[in-house]
Every structure is written in C-alpha cells, then in structure tokens.
S.K.: 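Pasting a structure here, questions to come.
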Amino acid sequence: MHRMTDEEFEAALAEALDAMPEQFLDALENVAVVWEDEPNAYHLGWDGAHEDSGVPAGDGEGDELPDDLLGLFDGLSIVERANGYDDDIPDVITVFKGPHERCFSSREEIVEEIGKTVVHELGHYFGLNEDQLAAMGYE
C-alpha cells in the first residue's frame, strides 16, 4: 500500500489526465473529473441511483462498502444524450483515492491505474458497458 497526501493524489490525477489522448478529452462535453477519498452509499447506488453501475446492490444498512471501487461515471452516456440532454449539471467521473492506495504499492502504479480508471469511466461516457470495457483490458 502506498499512501499519498491529498495534494499528491491531486497531482497524480492531473498527471494521468495530462497523459490522456487529446481526442478523448476533446470529446468530453460537460463532464467533470473529480476525486473523493472513498465511495459512499450514493456512489454505490444504495440510495436508488446508479442502478447500472455494475456495483452489487444493497440498501446501505449493515452492508459493508466495497474497498476496491476505483472510479465511477455518474451521468448520461453520449448515446443516451441523443434522446435529449439537460446540460445544467455536469456528468461526473469520480476517482477514489483510498482504493487506489490500498490496491497499488507505488506512486507510479497509482498514476498508471488512475489513468486506466479514467479511461474505463470515459468508456461509460462513450456508451460502453462493463463487458465491452473488460474485453478491451479496462476491467
């Protein structure tokens, strides 16, 4: 496990975003990329949100939060946006610090995995499901 300060993790996220292919970032429309320490019940869809997140459903009471959720896309894919889209509130890609620290043992691994996490969540933005992303190596 490699611990990072909040500032170090923010810098690692910025480094990972800077390494993204420009065409991915240019294609984003009204999507924010943020980070949180840990996923909570909202992120896990335990309040009724995110039914299609791929995270096992629970009611949040007595259920233990998974400690390995690296990221989450919360919004409408560009496919879903074709049916009409209210862009008042941005869609959000959230990267979780704690799981990255627990799952990877060096700063270099964390930066690399943040990049993979962002690409995985961008895949959801572009309309890909979990199986399609796994087939592409972004599990």
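This one's a predicted model, so the numbers in the text were calculated from it and none came from an experiment. Below, each value reflects all heavy atoms present in this structure, side chains not excepted, and no hydrogens, waters or symmetry copies.
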S.K.: For the residue pair Met4 and Phe9, what are the closest heavy atoms and their distance?
M.R.: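 Residues Met4 and Phe9, closest heavy atoms: SD-CD1, 3.9 Å.
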S.K.: Would you say Val111 ends up clustered with Phe104 if hydrophobic residues are merged whenever their side chains have heavy atoms under 4.5 Å apart, either directly or through other cluster members?
M.R.: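 No: no chain of side-chain contacts under 4.5 Å links Phe104 to Val111.
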S.K.: Are Val34 and Leu76 connected in a single hydrophobic cluster, I mean Ile/Leu/Val/Met/Phe/Trp/Tyr linked by side-chain heavy atoms less than 4.5 Å apart?
M.R.: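 Result: no, two separate clusters.
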S.K.: How far apart are the closest heavy atoms of His2 and Arg107, and which atoms are they?
M.R.: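 His2 and Arg107 have their closest heavy atoms at CD2-N, 3.6 Å.
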S.K.: When you measure from the side chain of Glu121 to the backbone of Val118, do you find a donor-acceptor pair of N or O atoms at a distance under 3.5 Å?
M.R.: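 Here the side-chain-to-backbone pair does not exist.
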S.K.: Counting only heavy atoms not in Tyr138 (residues, nucleotides, ligands), do more than 12 fall under 6.0 Å from its OH?
M.R.: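 No, not enclosed.
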S.K.: Linking I/L/V/M/F/W/Y whenever their side-chain heavy atoms sit closer than 4.5 Å, directly or via other members, would Leu133 and Tyr125 fall into one cluster?
M.R.: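 Yes; tracing contacts between hydrophobic side chains, which count when under 4.5 Å, links both residues.
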S.K.: With a 3.5 Å cut-off and no angle check, do the side chains of Glu109 and His100 form a donor-acceptor pair?
M.R.: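 No - no donor-acceptor pair under 3.5 Å links their side chains.
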S.K.: Could you give me the CA-CA distance, side-chain angles and deciding distance for Phe96 and Leu70, then say whether side chain to side chain contact (heavy atoms under 4.5 Å, CB included) is met?
M.R.: CA-CA 5 Å; Phe96 299 108; Leu70 301 176; 5.9 Å; no
S.K.: Please tell me if the side chains of Asp74 and Thr94 come closer than 4.5 Å, counting only heavy atoms from C-beta onward.
M.R.: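 They are not in side-chain contact.
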S.K.: Quick check for you: to the nearest 0.5 Å, what is the distance between Leu17 atom CG and Ile114 atom CD1?
M.R.: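 So the gap between those two atoms works out to 8.5 Å.
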S.K.: Do the non-hydrogen side-chain atoms of Glu15 and Glu112 ever get within less than 4.5 Å of each other?
M.R.: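 The answer is no, as the side chains (C-beta and beyond) never meet within the 4.5 Å cut-off.
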S.K.: Do you reckon Val92 sits in the same ILVMFWY cluster as Leu25, going by side-chain contacts under 4.5 Å, direct or chained?
M.R.: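 Each belongs to a different hydrophobic cluster.
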S.K.: For Pro90 and Ala32, which heavy atoms make the closest approach, and how far apart are they?
M.R.: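 Closest approach of Pro90 to Ala32, heavy atoms only: CB-N, 4.3 Å.
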S.K.: To the nearest 0.5 Å, what is the distance between CG (Asp37) and CD (Glu101)?
M.R.: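 The CD atom of Glu101 is 8.0 Å from CG of Asp37, to the nearest 0.5 Å.
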S.K.: Between Thr117, Leu128, Val33, Leu28, which is the residue that forms a side-chain contact (heavy atoms from CB on, under 4.5 Å) with Leu122?
M.R.: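 The single option meeting the side-chain contact (heavy atoms from CB on, under 4.5 Å) with Leu122 is Leu28.
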S.K.: Within this structure, what is the CD1-NZ distance for the pair Ile110 and Lys97, rounded to the nearest 0.5 Å?
M.R.: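 Reported value, rounded in 0.5 Å steps: 9.0 Å.
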S.K.: Within the structure provided, determine whether Arg102 and Asp68 are in side-chain contact (heavy-atom separation under 4.5 Å).
M.R.: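 No, side chains not in contact.
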S.K.: Specify the closest pair of heavy atoms between Pro99 and Glu38, including all atoms of both residues, with the distance to one decimal.
M.R.: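 Residues Pro99 and Glu38, closest heavy atoms: CD-OE1, 3.6 Å.
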